[in-house]
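Note sheet for the following structure.
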Amino acid sequence: MPNSINRPRGTIDVLPGEVEKWRYVEESFRRICREYGYAEIRTPVFEYTELFDRGVGDTTDIVEKEMYTFLDRSERSLSLRPEGTAPIARAYVEDKLFSGPLPVKVYYLGPMFRYDRPQAGRYRQFHQLGVEVFGSCAPAIDAEVAAMAMDFCRRFGLKLDLHINSVGCSACRPVMRERLYAGLKTRLEDLCNDCYMRWTKNPLRILDCKIKRCREMAEEAVAGFNFLCPECADHFRETLGYLDALNVAYIVDPCLVRGLDYYTRTAFEIMAPGAGAQRSVGGGGRYDGLVEMFGGPPTPGIGYAMGLERFLLVMQEQGLTVPDSGRLDVYLVTAEKDLEGKALGLLQELRANGIRADKDYTGRSMKAQLKQAGKSGAPYVVILGGDELGKGRVALKDMLSGRQTEVPLADLTARLLSQGHDSKHEPSLLAR
RNA sequence: GUGGAUGUAGCUCAGAUGGUUAGAGCACCAGAUUGUGGCUCUGGGGGUCGUGGGUUCAAAUCCCAUCUUCCACCCCA
């Protein structure tokens with residue numbers, strides 16, 4: 001296609017046929033959130049850049065090399081949101097959500113932007129579904145938040161693993177960090193290039209390097225691995241206990257260190273089993289210092305976010321489908337051209353009664369109209385013809401059996417509502 | 001950001017060593033006697049071979065650049 005304009009790299013068009021899956025997942029998410037007592041919140045898709053510099057951390061990959069940052073007309077630096085937690089923590093403070101009863105439980109869904117190198121399941125504009133809870137540091141909420149994420153996946157029949165870890169708090173994490181930093185200082189030349197970078201930015205990540213030697217060196221450096229302070233250790237132990245009580249299986253993964261600076265204590269990640277490229281479907285954790293950092297009262301927080309595109313990808317991999325809700329109920333066919341006006345009127349009447357109805361608008365032959373009707377998936381066809389119309393009737397054809405009956409025009413709507421409409425369609429989940 | 005692949009009709013792909021009007025299947029559209037779909041048959045439309053340069057008498061086929069997608073890494077959703 002010469003001279004055509006394409007969508008920007010790393011973005012996608014969600015086309016009819018695909019978008020129904022999106023809506024299904026989105027609406028299911030809204031529903032489970034309501035069941036768990038969350039209210040929806042919407043924040044801007046762009047924010048002042050400082051929000052992410054401070055909130056996410058200016059040494060993180062997200063801020064260092066993945067942000068869509070630009071100057072507006074008054075030279076303020078804005079950034080497209082790369083994630084949802086920092087903006088919501090900002091709103092929590094700015095809109096004084098802490099003045100109501102605690103905890104505050106909110107959910108969100110929408111586009112996020114990261115200037116990454118695109119790949120299957122990794123886009124520059126992608127979509128997240130997430131929740132945040134402010135004002136509770138109880139291990140029970142940690143467990144419930146993780147359990148809710150797994151519950152959501154399980155409702156779809158997805159088989160996913162919950163990996164969980166505690167990254168400690170502002171008291172004990174720096175100790176661990178310092179141990180690693182100091183312990184590796186004399187052996188820097190033995191680390192791989194990536195780990196050399198990690199050593200300055202986030203030494204904890206060295207524990208998770210692909211290269212065995214880096215891992216071994218890191219483990220030697222922290223020989224006494226039990227770095228969690230007693231409070232954090234208790235918190236973690238209780239969280240796991242509640243997960244057990246909820247019958248949620250998990251994998252304790254000491255190497256799980258999430259990349260965003262704000263995480264404290266509980267960190268978890270939901271992974272698709274097997275070796276796929278983008279295995280991480282979602283992740284979350286606790287961020288007890290974030291609200292305070294934005295100038296709010298000291299408030300613990302915890303949340304998670306799932307990637308909609310990855311969720312859909314895993315659904316496809318695991319052979320899961322969603323109910324089809326896009327079909328028509330009725331396709332209207334005209335036998336003669338001069339019935340067009342009559343047909344349009346009848347269509348409107350059907351639609352006014354909540355029946356999904358459509359017809360051909362390209363002047364096709366009757367035969368071709370029937371063909372279109374077949375493709376539309378409509379279980380019923382109404383045929384408008386001079387012969388029947390003379391008797392005040394129309395033909396009603398059942399497309400599955402091929403059987404056809406004559407129905408008085410006056411009874412058509414009631415007839416369709418009683419047979420086709422309810423029984424042939426799965427009740428639409430979107431309607432609720 | 002690093003390394004490596006890829007790009008031919010709407011889709012999936014053929015098109016050895018460069019050579020006349022670029023093909024198939026599926027999809028799409030239209031027919032197969034009077035007003036009737038899904039099967040079958042017949043016919044048809046549709047591609048400046050991702051884009052832009054270059055080499056050559058001649059390029060979808062060779063070279064360069066660029067874009068896209070994909071894979072690995074970094075990291076993450």
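Note that this is a predicted model, so its numbers are computed, not measured. Just so it is clear: chains get the letters A, B, ... in the order the sequence lines come, proteins before strands, and each one is counted from 1.
Under 4.0 angstrom from either OP1 or OP2 of B:rC29 there lies at least one side-chain N or O belonging to A:R364. When the side-chain nitrogen and oxygen atoms of A:K367 are compared with OP1 and OP2 of B:rC29, none of them lie within a distance under 4.0 Å.
Between the side chains of A:S280 and A:E269, at least one donor N or O sits under 3.5 Å from an acceptor N or O. Side-chain contact of A:T266 with A:S166: a donor-acceptor pair under 3.5 Å is absent, judged by distance alone.
Across B:rU48 and B:rA9, the matching C1' atoms stand 13 Å from one another, rounded to whole Å. Taking atom C1' on both B:rG35 and B:rC11, the two are 35 Å apart, rounded to the nearest angstrom. Between B:rG52 and B:rC13, the two P atoms lie 25 Å apart (nearest whole Å). Using P as the reference atom, B:rA27 and B:rC41 are 11 Å apart when rounded to the nearest Å. With P as the reference atom, B:rA77 and B:rA5 are 31 Å apart, rounded to whole Å. Atom P of B:rU21 sits at a distance of 28 Å from the matching atom of B:rC26, rounded to the whole Å. For B:rG7 and B:rA14, the P atoms lie 9 Å apart once the distance is rounded to whole Å. B:rA30 sits 38 Å from B:rU68 when the P atoms are compared, rounded to a whole Å.
Counting non-hydrogen atoms of other residues, nucleotides and ligands closer than 6.0 Å to CD of A:Q316 gives a total of 12 or fewer. Taking a 6.0 Å sphere around CZ of A:R42, one finds it holds 12 or fewer heavy atoms contributed by other residues, nucleotides or ligands.
Distance alone, capped at 3.5 Å, is enough to place a donor-acceptor pair between the A:R124 side chain and the A:D116 backbone.
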Determine which bases of RNA chain B form Watson-Crick or G-U wobble pairs with both distances under 3.5 Å, and write the result as a 5' to 3' dot-bracket string with | for other-strand partners. (((((.(..((((.....[...)))).(((((.......))))).....(((((..]....)))))).)))))....

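Residue A:R114 places its side chain closer to B:rA77 than to any other of B:rG37, B:rC71, B:rA77. With distances taken from any side-chain atom of A:K371 to the nucleotides B:rU36, B:rU69, B:rG37, the minimum falls on B:rG37. Comparing B:rC29, B:rG1, B:rA77 against the side chain of A:F126 picks out B:rA77 as the nearest. Distance from the side chain of A:Q404 is smallest to B:rU36 among B:rC70, B:rU36, B:rC73. The side chain of A:R310 approaches B:rC76 more closely than any other nucleotide in the set B:rG35, B:rC76, B:rG4. Set against B:rG35, B:rA77, B:rC74, the side chain of A:R198 has B:rC74 as its closest nucleotide. Counting only heavy atoms from C-beta on, A:Q119 has its side chain closest to B:rC73 among B:rG3, B:rC75, B:rC73. The side chain of A:S365 sits closest to B:rG31 out of B:rC76, B:rG31, B:rC29. Between B:rC74, B:rC70, B:rU68, one nucleotide has an atom nearer to the side chain of A:Y123 than all others, and that is B:rC70. Which of B:rG4, B:rC74, B:rG37 sits closest to the side chain of A:R117 comes down to B:rG4.
As rounded to whole Å, 9 Å separates atom C1' of B:rC76 from atom CD of A:Q128. A straight line from CZ of A:R124 to C1' of B:rU69 spans 12 Å, rounded to a whole angstrom. Between the CD atom of A:Q372 and the C1' atom of B:rC29 there is a distance of 10 Å, given to the nearest Å. Taking atom CD of A:E66 as the reference point, atom P of B:rC73 lies 16 Å away to the nearest angstrom. If you measure from atom CG of A:L15 to atom C1' of B:rG10, you get 12 Å, rounded to the nearest angstrom. Between the CG atom of A:L80 and the P atom of B:rA77 there is a distance of 17 Å, rounded to whole Å. Here B:rG37 presents its P atom at 16 Å from CG of A:D360, a figure rounded to the nearest Å. The nearest whole Å value for the distance from the CE atom in A:M366 to the P atom in B:rG31 is 14 Å.
Residue A:M399 is in base contact, counting any heavy-atom pair closer than 4.0 Å across all strands shown. Residue A:G10 is classed as a sugar-phosphate contact, given heavy-atom separations below 4.0 Å to backbone atoms only. Nucleic acid contact for A:R403: none, since no nucleic acid atom lies under 4.0 Å from a heavy atom of the residue. Residue-level contact check: A:V333 touches neither bases nor backbone, having no heavy atom under 4.0 Å from any strand.
Checked against the 6.0 Å centroid threshold, A:Y262 and A:Y287 count as a close aromatic pair.
Between the base of B:rC75 and the side chain of A:K65 there is no donor-acceptor pair shorter than 3.5 Å.
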Could you walk me through whether A:R90 and A:L51 pass the side-chain contact (heavy atoms from CB on, under 4.5 Å) check? CA-CA 8 Å; A:R90 190 225 79 227; A:L51 175 72; 3.6 Å; yes

Would you please test A:T85 and A:E132 for side chain to side chain donor-acceptor pair (under 3.5 Å) and show each step? CA-CA 7 Å; A:T85 301; A:E132 313 290 351; 2.8 Å; yes

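Between A:Y115 and A:Y68, the ring planes lie perpendicular to each other; the angle is over 60°, past the 30° to 60° tilted range.
Comparing A:I62 and A:K397 by the nucleotide of RNA chain B that holds the closest heavy atom to each, the one mapping nearer the 5' end is A:K397. If A:G121 and A:E388 are placed on RNA chain B by their nearest nucleotide, the residue sitting closer to the 5' end is A:E388.
Annotation: ring-ring contact (aromatic ring centres under 6.0 Å, His included) contacts involving residues 186-218 of chain A, sequence neighbours excluded, comprise A:Y181-A:W199.
Screening A:V248, A:L246, A:I32 against A:D151 for a side chain to side chain contact (heavy atoms under 4.5 Å, CB included) leaves a single residue, A:I32. Each of A:M399, A:Q369, A:Q372 was scored for a side chain to side chain contact (heavy atoms under 4.5 Å, CB included) with A:V381, with one residue passing: A:M399.
Contact annotation: the side chain of A:F156 approaches that of A:V25 to within less than 4.5 Å [non-hydrogen atoms, C-beta and beyond].
Within residues 41-53 of chain A, no residue has any heavy atom under 4.0 Å from RNA chain B.
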